[in-house]
Amino acid sequence: MEPRVVIIGGGFGGLRAAQALGRSGQAQVTLIDKRNHHLFQPLLYQVATASLNPSDIAVPIRQVLAHYRKVSVRMEAAVSIDLAGKVVVTDAGRHPYEYLILAAGASHSYFGHPEWEELAPGLKTVEQALEIRRRALTAFEQAEKESDPHIQARLLTFVVIGGGPTGVEMAGALAELAHAIAASDFRNINPAMPRVILLQGGDRVLPQFAPDLSAKAKAALERKGVEVRLDKLAKDITPEGVRLDDAFIPAANVIWAAGVKPAAINKGLGVPLDREGRVIVGPDMSLPGHPDAFVIGDQAHFDTPTGPLPGLAPVAMQQGVHVAANILREIDGKARKHFKYLDKGTMAVIGRSFAVTDFHGIRIGGYFAWLMWLFVHIMYLVGHRNRIIVLINWAWSYLTFKRGARLITSKGWKENEPVPAPKPATAPVTASA
Ligand SMILES: Cc1cc2nc3c(=O)[nH]c(=O)nc-3n(C[C@H](O)[C@H](O)[C@H](O)COP(=O)(O)OP(=O)(O)OC[C@H]3O[C@@H](n4cnc5c(N)ncnc54)[C@H](O)[C@@H]3O)c2cc1C
């Protein structure tokens, strides 16, 4: 009898594990995800800034796994896990298992301020990217018909909170979007008026990279017109803007890129977690005391001599493949192997022709790094269709400076339902930065 393997999460880690097990045909696999699609999160900022459409970077999980006869997909949300009884409980039923692979990823952390989420969406799902896009494009439409320069300035001020890779990529792309469309498509907006402000709590952007690459990234952002403010923490976010220690920035659009926390399901497992809430796993990615349950990707804390592995797609993918291989080894009566991460370097992109990349100490910033970034992202996109469409979209945007996905859509669908404005234009706010 083939063992039942339940995988929670069809992201980078879970999908790789399902593909490896499916290819072998030696296990009955059930992949559970609360969404029907696998999402390529590294390009989500391009959906938020109207370069790409959601379907260019997402693909139905069911479709990816369709040709593996022994893999079934359930669109359900995992609610709890009974590790002793070996059962996953979802919003639709119970799934007994012989092996469990937990790969539910992470969500945003607002550092004890959940009320900020409404005012400053983060970038983790298609819905969030579309909401950021809707708010940004609507702000331009409102600014076009606004005669009060203070209100217009507030509408056209975008604050990105967090200077890690997501914040830097978002700020660079927003600046390009703002300056390109303000100059060409609007008649009542001064092209110099849109502002993109990047707030970073530490003393440099991209703190994961070497200081010289951080400096290059900051300079590249500033060349694009982004105002980079270092050592600045958001003290409060209000419908009017962002409060710092020493100033208030009136802004209609605030984007959160400051922190993530692992999936909530970790808390109910009753196993040791690290400070961030990640499950501390053993050398084979299994849970101490529960060798049949593995935790991978952003949910897991895997120690190495230089500290825990970061929340990156290659980490999750390699762990997914490794855990699947260990399950197959065990089915064949062989011993498990320890996980070893193969570091393929890190990269971050700033707009249409600049990236920074660090490959084992070989550090590059500029156009060549950007070409490498393009190549790697196309390679790792799931689905041939998506690769071709993204390439065509990028080429078109690169040559024309235009954005192909500038639609303002709302959740309302009835014909006469008004498209909601994100936040009402208000009276000018005096204290500003
Ligand atoms: C905006 C952004 C940009 C990024 N850029 C990069 C980059 O350039 N390079 C890089 O290496 N990494 C990048 N990352 C990080 C990378 O995306 C993650 O490290 C990676 O996705 C982790 O993979 P995972 O399998 O652990 O989780 P995910 O890929 O997040 O997948 C988790 C899956 O679990 C599902 N799920 C969650 N909870 C439940 C539940 N209770 N029940 C059922 N299903 C559930 C989710 O729907 C999701 O499909 C970026 C992340 C973001 C958000």
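Counting starts at 1 for both ligands and their atoms, following the listed order.
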Find all atoms of ligand 1 within a distance of less than 4.0 Å from any non-hydrogen atom belonging to P314, and give their numbers and elements.
11 (O)

Just say parallel, tilted or perpendicular for the rings of W370 and Y398, cut-offs at 30° and 60°.
parallel

May I ask you to decide if A175's main-chain N or O and H179's side chain share a donor-acceptor pair within less than 3.5 Å?
yes

Between T306 and T304, is there a side-chain donor-acceptor contact under 3.5 Å, judged purely by atom types and distance?
yes

A student checking ligand 1 against G11 at a 4.0 Å heavy-atom cut-off should list atoms 25 (O), 28 (P), 29 (O), 31 (O), 33 (C), 49 (O)

Using a strict cut-off of 4.0 Å, indicate which atoms of ligand 1 neighbour a heavy atom of A103.
32 (C), 33 (C), 34 (O)

Going by distance only, is there an N or O of G13 that falls short of 3.5 Å from an N or O of ligand 1?
yes

So is R223 actually on top of F354's ring, under 6.0 Å and inside 45° of the axis?
yes

Identity and distance of the protein heavy atom lying nearest atom 12 (N) of ligand 1
A313 N, 3.3 Å

Is the backbone of L21 close enough, under 3.5 Å, to the side chain of S24 for a donor and an acceptor to pair up by distance?
yes

Proximal ligand 1 atoms for G9, defined as those under 4.0 Å from one of its heavy atoms
33 (C), 34 (O), 35 (C)

Looking at ligand 1, does any of its N/O atoms fall within less than 3.5 Å of an N/O of F12?
yes

If you scan protein heavy atoms around atom 37 (C) of ligand 1, the nearest is A104 O, 3.1 Å

Under 3.5 Å: N/O of K34 near N/O of ligand 1
yes

How far apart are the C-alpha atoms of R134 and E141, what are their side-chain angles, what is the distance that settles it, and do they pass the salt bridge (charged side-chain N to carboxylate O under 4.0 Å, His left out) test?
CA-CA 11 Å; R134 187 181 72 77; E141 296 300 333; over 6 Å; no

Heteroatom proximity flag, E169 to ligand 1, N/O under 3.5 Å
no

Specify the protein heavy atom at minimum distance from atom 30 (O) of ligand 1: its residue, its atom name, and the distance to 0.1 Å.
Q41 NE2, 2.9 Å

Aromatic plane relationship, F158 with F140 - under 30° parallel, 30 to 60° tilted, over 60° perpendicular:
parallel

When rounded to the nearest 0.5 angstrom, what is the spacing between CD1 in I350 and CG in L206?
6.0 Å

Numbered in order shown, the ligand 1 atoms found under 4.0 Å of a heavy atom of G297 are 26 (O)

Just distances here: any N/O of A78 and N/O of ligand 1 closer than 3.5 Å?
yes

Does ligand 1 have a heavy atom under 4.0 Å from the side chain of A316, from its backbone, from both, or from neither?
side chain

Under 4.0 Å, heavy-atom basis, I'd like to know which part of E76 is in contact with ligand 1: side chain, backbone, both or neither.
backbone

So L156 and R195, do their side chains get closer than 4.5 Å, heavy atoms only?
no

Judged by atom type as modelled, is there a donor-acceptor pair below 3.5 Å linking the side chain of W256 to the main-chain atoms of S109?
yes

Contact with ligand 1 for P165, non-hydrogen, under 4.0 angstrom
no

Protein heavy-atom partner closest to atom 19 (O) of ligand 1 - residue, atom, separation in Å
D298 OD1, 2.8 Å

For K124, counting its heavy atoms only, list the atoms of ligand 1 lying under 4.0 Å from any of them.
53 (C)

Which residue supplies the protein heavy atom nearest to atom 5 (N) of ligand 1, what is that atom called, and how far is it?
P42 CA, 3.4 Å

In this structure, atom 49 (O) of ligand 1 is nearest to the protein heavy atom D33 OD2, 2.6 Å

T166 contact mode with ligand 1 (heavy-atom cut-off under 4.0 Å):
side chain

Specify the protein heavy atom at minimum distance from atom 15 (C) of ligand 1: its residue, its atom name, and the distance to 0.1 Å.
G311 O, 3.6 Å

Please say whether more than 12 non-hydrogen atoms of neighbouring residues, nucleotides or ligands are located less than 6.0 Å from NZ in K402.
no

Does even one non-hydrogen atom of A77 get within less than 4.0 Å of ligand 1?
yes

Side-chain ion pair, E176 and R352, N-O less than 4.0 Å:
no

Hey, are R94 and D82 close enough for a salt bridge, meaning a charged N less than 4.0 Å from a carboxylate O?
no

Donor-acceptor contact below 3.5 Å, side chain Q128 vs main chain K124:
yes

Exam field: side chain H108 to backbone L123, donor-acceptor pair closer than 3.5 Å
yes

What protein heavy atom is closest to atom 27 (O) of ligand 1, reported as residue, atom name and distance in Å?
G105 CA, 3.3 Å

Taking distance alone, with N or O pairs closer than 3.5 Å, would you say L123 contacts ligand 1?
no

